[in-house]
Amino acid sequence: MISVKSFSERRRYLASQMQKGVAIVPTAPEQVRNRDAHFPYRFDSYFYYLTGFGEPEAVLVIVAEADKGTSKHILFCREKNTEREIWDGFRYGPEAAREAFEFDETYPLAKLDEILPRLLADQSAVYFALGHDTAWDTRVIGWVSQVRQQSRSGVTAPAEIHDIRLLLDEMRLFKSAEELQVMRRAAEISCGAHRRAMQKTRPGMNEYEVEAELLHEFRRHGAQAPAYTSIVAGGANACVLHYIENNAALKAGDLLLIDAGCELDGYASDITRTFPVDGKFSPAQRDLYQLVLAAQAAAIAEVRPGNSWDAPHNAALRVLAQGFVDLGLCHGSVDEVIQSEDYKRFYMHRTGHWLGLDVHDAGEYKLGGEWRPLQPGMTLTVEPGCYIRPADNVSPHFWNIGIRIEDDVTVTETGCEVLTSAAPKGVAEIEELMAERKKPE
Ligand code: GLY
Ligand code: MN
Ligand code: MN
């Protein structure tokens, strides 16, 4: 759990970074699915990062006055409403929200248009995610214009609009001990889901039946949702990188690639495992699998403070390129295969991304044009793969094999911690676990 105090400290730190100005951070809108049915609600990650407040229709406003060493934290939210609470459930209302979330002031959302121009008067800067949502852009610019119209009475309007995401992305990139605790638990639940999938999978089952096992495990441990749409891809489907139909029958002799992770209390996990539908790797599958596993080990070994963001990717790439040459999939030296990008026929994505509240989390990958150095607290995925589609110049016994192995890793003071090591990935480990399966249920 992230404590109320931590959310409040994040706001204070943001205010200190802003120096002077007004931050405006709305949460995400509810999305209509059809008529009066909505998609399950998910708050905006920036808003939640600063508040811990999960209701829709809410806006955070921070007034920073670094010269006075103070900042004021204001929440606008839905009012209590007996009728709506009977239908839709509890809402805090401004008064209870102020106490529970330690805001300085809280108001009903309906007061936003009245209060914001007052707060913006005589301020020099607005911090806002301009361009994210045109309706909010128009509203914020409208408030600034209202202030400008009062100039004859001596009021000055903010002259600068800063992108608040630049400050927040940098904060979100470094995970605190509390955040890592939540992420470890999310990872643990997802590891259990991958184990369960390995134990339940049988030839003849459908991909969606395995997906159901993952969802079952996520929810029964309290994860609110999958962090992204699960990929459950048997055989050739594994060569479609974003395959989400999950509706094909699973065949003996094929591999099953599962990319699935839960979201717990706002934080994502992101794991891929690839295993044989019938519990036993074929020689060609094993060769390629061991190659991807070795590439992943080489990449994880490069996750340590001071190494560049690119170091794990380059390490994985060298191992994969060498393997592609050894297996006759690519020709020439490793350097030639990398230089010519011939490897991209089989490995066309990069080796990872930041992970946090969003599965592809906030944070710059380069600073001043250079890949940035890894630092303690940064959390990323390491996910090499290979995907071999039928082609004239590729030996047919490799055709339609798609493999990815993905773990979640945090940079520590001395190296890294793999958050997802409880999901089996060694060949023997997977085969042993799957051998324990009983006959069809
Ligand atoms: N599950 C999305 C990704 O691996 O990037
Ligand atoms: Mn990923
Ligand atoms: Mn993934």
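On a predicted model such as this, the values are computed, not experimentally measured, just so you know. Atoms within each ligand, like the ligands themselves, are counted from 1 in listed order.
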Within 6.0 angstrom of His216 NE2, more than 12 heavy atoms from elsewhere: yes
Shortest-distance N, O or S atom of Asp270 relative to the Mn ion (ligand 3): OD1
Atom indices of ligand 1 within 4.0 angstrom of Glu406 heavy atoms, with elements: 4 (O)
N or O pair under 3.5 Å between Asp270 and ligand 1: yes
Between CD1 on residue Ile403 and CG on residue Leu291, distance to nearest 0.5 Å: 8.0 Å
Rounded to 10 degrees, the angle NE2 of His353 makes with OE2 of Glu406 at the Mn ion (ligand 2): 130°
Within the 6.0 Å centroid threshold, strictly below: Tyr48 and Tyr46: no
Any side-chain donor near an acceptor of the partner, Tyr387 and Arg404, under 3.5 Å: yes
Shortest-distance N/O/S atom, Glu383 versus the Mn ion (ligand 2): OE2
Whether His360 lies under 4.0 Å from ligand 1, heavy atom: yes
Pairwise distance CD(Gln31) to OH(Tyr41) - rounded to 0.5 angstrom: 9.5 Å
